[in-house]
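Read the structure below first, then the notes.
Start at 1 with the first residue, then count along the sequence. Treat the numbers as computed from the prediction; the structure is a model and nothing was measured.
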Amino acid sequence: MPTRLYLDHAATTPLHPTAAQAVTRGLATWANPSSPHAEGRQARAALESARNVIKGAYGWAGELILTSGASEAIGMALTRAQAASRIIAATEHDAVLRVAPDAIRLPVGSDGRVDPHVLRELLADAPAPALVAIQWGNSETGVIQPLRAIADVVTEAEGVLFVDAAQMPANWRGEDQPQDVADLIAISGHKRAGPAGIGGLLVRNLALLLPTGGQERGYRGGTENVPAALGYAAAVAIPEDLAAMAGMRARLDAAIAALGGEVVAGTAPRSPHIASYRLPGLSAAAQLIRFDMAGIAVSAGSACSSGTMRPSHVLGAMGWEGAAAGEVIRVSFGRDTTPADIERFITAWANIAREVRARAATTTETPA
């Protein structure tokens, strides 16, 4: 029985051993960080140390409100930022769509990218100030948005830029990194080999948010999760080999295309560790079953929506329709993904594609 191959890191990443050890140490720091006694002060010191490590890993000089995850951070930004209207890209994560169902939708092109000129037109008509929500790298396709150009338009309109960066590696340093241009950024622990149940909202200026009282300087209620914060800090302090991931994705892109598959948004800038592929003639649901039987875990889009197997709103916004949209799966890498893993996936893909073609040939044959 072959070892299972996990290629669904965009859904969640395995907890890094160093992060697990940090969580275990944190469990010994059992006191409430808000308590004034010595035990409480010890817990507070551990929490603030973790907070500073996380901020430093993301290159953030502003504030960090620790949350239960990116979804809570998204909800905090969209509902408590002091803005008169909200504009969200059509390809945003379900967590954004659920919180802001009535927001103005910003369309994307066939490559999944936002056009800053279209955003400028929407901002001109929207009540000011407007909050604009943009995902750094799409959780299904990996498409990276032109954040700097978007930020210029938002700044021109005196708006607020919120970026969902849950999928962004902490050591990402690129032309369009949100740390340089965003006012609010959602981040996630379990997407970066940390524990589940911890995330955060990076805030450039706390005056942007309405306070609610309680912990986290009055911006979030609930006792702070010190063990999870320590685990998150330990995970993001370990750099990810993004160049190696980009190389593996490039190899996979080329192989899929050579085998008759289709790379979704293959010409657009994409994150190094997330990509989507279409296998013509076989539904995503059937593909997942076949890959799972081959010992390989992949997904059909974001984990928050793939369980429903409903058509992807991301692909729909990019102009994908009908059967083609239902034949796309997502492959995502992590720290422990190797080139050998990619070759194993390619072999499995080739076998499935060969089976699909053989079946199609049989059904189209006509009697002599």
Side-chain angles (χ1 to χ4, degrees), residues 1-26 53-54 57-58 69-70 136-142 144 165-174 187-199 227-256 270-277 287-288 290-303 306 329-350:
M1 190 73 179
T3 303
R4 295 278 306 175
L5 172 56
Y6 185 72
L7 293 176
D8 195 21
H9 291 261
T12 194
T13 48
L15 183 63
H16 194 282
T18 301
Q21 293 167 8
V23 171
T24 300
R25 290 195 301 272
V53 169
I54 296 168
Y58 284 95
W136 166 78
N138 189 266
S139 54
E140 294 185 28
T141 65
I144 294 177
Q167 296 290 355
M168 184 182 69
N171 60 312
W172 170 265
R173 297 295 182 267
I187 55 177
S188 170
H190 77 102
K191 305 288 189 181
R192 306 268 58 88
I198 188 73
L230 294 176
Y232 189 8
V236 294
I238 305 169
E240 300 180 60
D241 192 342
L242 304 182
M245 291 184 189
M248 289 187 288
R249 195 205 64 206
R251 162 62 181 148
L252 185 52
D253 285 357
I256 295 298
R270 287 176 294 152
S271 59
H273 61 296
I274 301 175
S276 284
Y277 304 101
Q287 290 180 57
L288 297 191
R290 283 166 170 76
F291 280 115
D292 198 41
M293 291 174 63
I296 302 174
V298 293
S299 69
S302 296
S306 63
I329 64 168
R330 179 185 68 183
V331 180
S332 50
F333 313 145
R335 284 179 170 87
D336 57 353
T337 306
T338 67
D341 294 334
I342 301 306
E343 297 305 319
R344 178 178 166 187
F345 177 83
I346 291 170
T347 298
W349 174 285

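In this structure, Met245 and Thr337 have side chains that are not in contact, with every pair of non-hydrogen atoms separated by 4.5 Å or more. Side-chain contact between Leu242 and Arg173 is absent, with no heavy-atom pair separated by less than 4.5 Å. Considering only heavy atoms from C-beta on, Phe333 stays 4.5 Å or farther from Asp341 through its side chain. The side-chain heavy atoms of Arg330 and Asp8, taken from C-beta on, include a pair separated by under 4.5 Å.
Not counting sequence neighbours, Trp349 has no partner by the ring pair (Phe, Tyr, Trp, His ring centres under 6.0 Å) test. The ring pair (Phe, Tyr, Trp, His ring centres under 6.0 Å) search around His190 returns none, not counting sequence neighbours.
Between the CD1 atom of Ile144 and the CE atom of Met168 there is a distance of 10.0 Å, given to the nearest 0.5 Å. To the nearest 0.5 Å, atoms CG (Leu288) and CE (Met293) are separated by 13.0 Å. Atom CG of Leu230 and atom OG1 of Thr24 lie 10.5 Å apart (nearest 0.5 Å). Rounded to the nearest 0.5 angstrom, Asp336 CG and Asp241 CG are separated by 12.5 Å. Atoms OG and CD1, from Ser276 and Ile329 in turn, are 8.0 Å apart once rounded to the nearest 0.5 Å. Expressed to the nearest 0.5 Å, how far CG of Leu7 lies from NE2 of His273 amounts to 13.0 Å.
At least one donor-acceptor pair under 3.5 Å links the side chain of His9 to the backbone N or O of Tyr6. A side-chain donor-acceptor contact under 3.5 Å links Arg249 to the backbone of Arg270. Using a distance-only test at 3.5 Å, with no hydrogens or angles considered, a donor-acceptor pair links the side chain of Arg335 to the main chain of Ile238. Between the side chain of Lys191 and the main chain of Ala11, a donor-acceptor pair closer than 3.5 Å is present.
For the pair Ile346 and Ala255, the tightest heavy-atom approach, listed with the atom from each and the gap, is CD1-CB, 3.4 Å. Residues Gln167 and Arg192 approach most closely at O-NH1, 3.1 Å, considering heavy atoms. What you find for Ala193 and Ala19 is that their closest heavy atoms are O-CB, 3.7 Å. The shortest non-hydrogen separation linking Pro239 to Asn171 is CB-ND2, 4.0 Å. Nearest approach of Ala233 to Ile54, heavy atoms of both residues: CA-CG1, 3.8 Å. The minimum heavy-atom distance linking Ala275 with Asp253 is given by the pair CB-OD1, 4.4 Å.
Ring geometry, Phe291 versus Phe345: the interplanar angle falls under 30°, so the pair is classed parallel (tilted spans 30 to 60°). Note on ring orientation: taking the six-membered ring where Trp is involved, the planes of Trp172 and Trp136 are perpendicular (angle over 60°, cut-offs 30° and 60°).
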